[in-house]
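Notes to accompany the following structure.
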Amino acid sequence: MLAVGGDLSSERLLAAYANGIFPWYSENEPILWWSPDPRLVLFPYKFKVSHSLHQKIKKNVFSVRIDLNFEQVIDACAKTEREHEDGTWITDEMKAAYIDLHRKGYAHSVESYFEGNLVGGLYGVSLGKTFFGESMFHTMTDASKVALYHLVEKAKEFEFLFIDSQVETEHLLSLGAELISRKAYLKLLGEAIGYPTNVGKWD
């Protein structure tokens, strides 16, 4: 943890991400700002697609959209119960801040639908040639993995250097993410944000 307090204005959030810092705190806590060491990142070409996931992608089990229902995705992420977490860190204040970033073209969502219903997805922030993943959810098996697959494909299309996964999880490690030192991360980030940002809706 690097700092306590401040606000969640778009300007402060974008400046924080550009310096490898992100907010993470619970209800009734002050805003806490973090920059983990080591840092979990996913290099797009190292994403691991299992046979079962490949089959679901090939058969188009889910239809996938980008930036269609950002608010619905962040709401679903906030309501998802997670192991080792009591309550949610996606407070109403956080939701409002990221919805504002989305409206300004910096925050994006990737959404998986089944029979017209949103059943999985993720959201995060993009600057330069990187994407900072914030949270994901699913109500059907592999729905969030399919969304992540499509994010990776979009990252390849945009020639992103990496996807920031922030902190270590077994789930993301199994999909090809890896830990790097904060020093290495900040060097990579510095290169990534040197490029123009693709602002606006992606789909």
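The shown structure was predicted, so the numbers you read here are calculated from the model rather than taken from an experiment.
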Same cluster or not: Tyr106 versus Tyr195, using hydrophobic residues (I, L, V, M, F, W, Y) connected whenever any side-chain heavy atoms lie under 4.5 Å apart?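 Different clusters.
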Is there any side chain to side chain donor-acceptor pair (under 3.5 Å) pair reaching into residues 122-134, and which pairs are they, with sequence neighbours excluded? Tyr17-Glu134, Glu134-Gln166
Which side chain to side chain donor-acceptor pair (under 3.5 Å) pairs, counting each pair once, include a residue from residues 1-14, with sequence neighbours left out?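 Listed by first then second residue: Asp7-Ser9, Asp7-Arg12, Ser10-Asp100, Ser10-Lys104.
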Can you give me the closest heavy-atom contact between [X] and [Y], atom names plus distance?
X: His138; Y: Ala143; value: CB-CB, 4.2 Å
X: Lys48; Y: Ser174; value: CD-O, 3.7 Å
X: Leu14; Y: Leu127; value: O-CD1, 3.6 Å
X: Ala155; Y: Ile163; value: CB-CD1, 4.2 Å
X: Pro44; Y: Phe160; value: CG-O, 3.9 Å
X: Phe114; Y: Val61; value: CD1-O, 3.5 Å

To the closest 0.5 Å, what do you measure between CG (Asp75) and NZ (Lys95)? 4.0 Å
Drop me the distance from Lys187's NZ to Ile180's CD1, to the nearest 0.5 angstrom. 11.0 Å
Thr91-Glu93 side chain donor-acceptor pair, cut-off 3.5 Å: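 Thr91 vs Glu93: no donor-acceptor pair found between side chains.
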Partners of Ile21 by side chain to side chain contact (heavy atoms under 4.5 Å, CB included), sequence neighbours excluded? Leu2, Ala16, Asn19, Trp33, Ser35
With sequence neighbours excluded, tell me which residues meet side chain to side chain contact (heavy atoms under 4.5 Å, CB included) with Asp142.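 Side chain to side chain contact (heavy atoms under 4.5 Å, CB included) list for Asp142, sorted by chain: Ser52, Leu53, Lys56, Lys145.
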Residue among Val167, Leu148, Val41 satisfying side chain to side chain contact (heavy atoms under 4.5 Å, CB included) with Leu172: Leu148
List the residues meeting salt bridge (charged side-chain N to carboxylate O under 4.0 Å, His left out) with Glu29, not counting sequence neighbours, and say none if there are none.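 For Glu29 there are no salt bridge (charged side-chain N to carboxylate O under 4.0 Å, His left out) partners, ignoring immediate neighbours.
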Residue list, salt bridge (charged side-chain N to carboxylate O under 4.0 Å, His left out) with Lys46, at least two apart or on another chain: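 Lys46: salt bridge (charged side-chain N to carboxylate O under 4.0 Å, His left out) contacts with Glu178.
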Audit row: Phe131, His108, side-chain contact (heavy atoms from CB on, under 4.5 Å) steps and yes/no: CA-CA 9 Å; Phe131 183 87; His108 305 276; 4.2 Å; yes
More than 12 heavy atoms of other residues, nucleotides or ligands under 6.0 Å from CZ of Phe43: yes or no?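 Buried by this count: over 12 neighbours within 6.0 Å.
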Are Leu42 and Leu175 close enough, and set up right, to give a side-chain contact (heavy atoms from CB on, under 4.5 Å), and what steps lead you there? CA-CA 9 Å; Leu42 174 61; Leu175 294 171; 5.8 Å; no
Let me see the working for Leu40 and Leu173 under side-chain contact (heavy atoms from CB on, under 4.5 Å), right down to the final yes or no. CA-CA 8 Å; Leu40 192 69; Leu173 287 171; 3.6 Å; yes
Below 4.5 Å, heavy atoms only, C-beta onward: do Leu13 and Tyr98 meet side chain to side chain?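 The answer is yes; the side chains approach within 4.5 Å.
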Between Leu179 and Glu168, does a side-chain contact (heavy atoms from CB on, under 4.5 Å) hold up when you go through it step by step? CA-CA 7 Å; Leu179 290 166; Glu168 180 180 3; 3.5 Å; yes
With a 6.0 Å cut-off on ring centres, are Tyr185 and Phe162 close enough?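 Here the rings of Phe162 and Tyr185 have centres that are less than 6.0 Å from each other.
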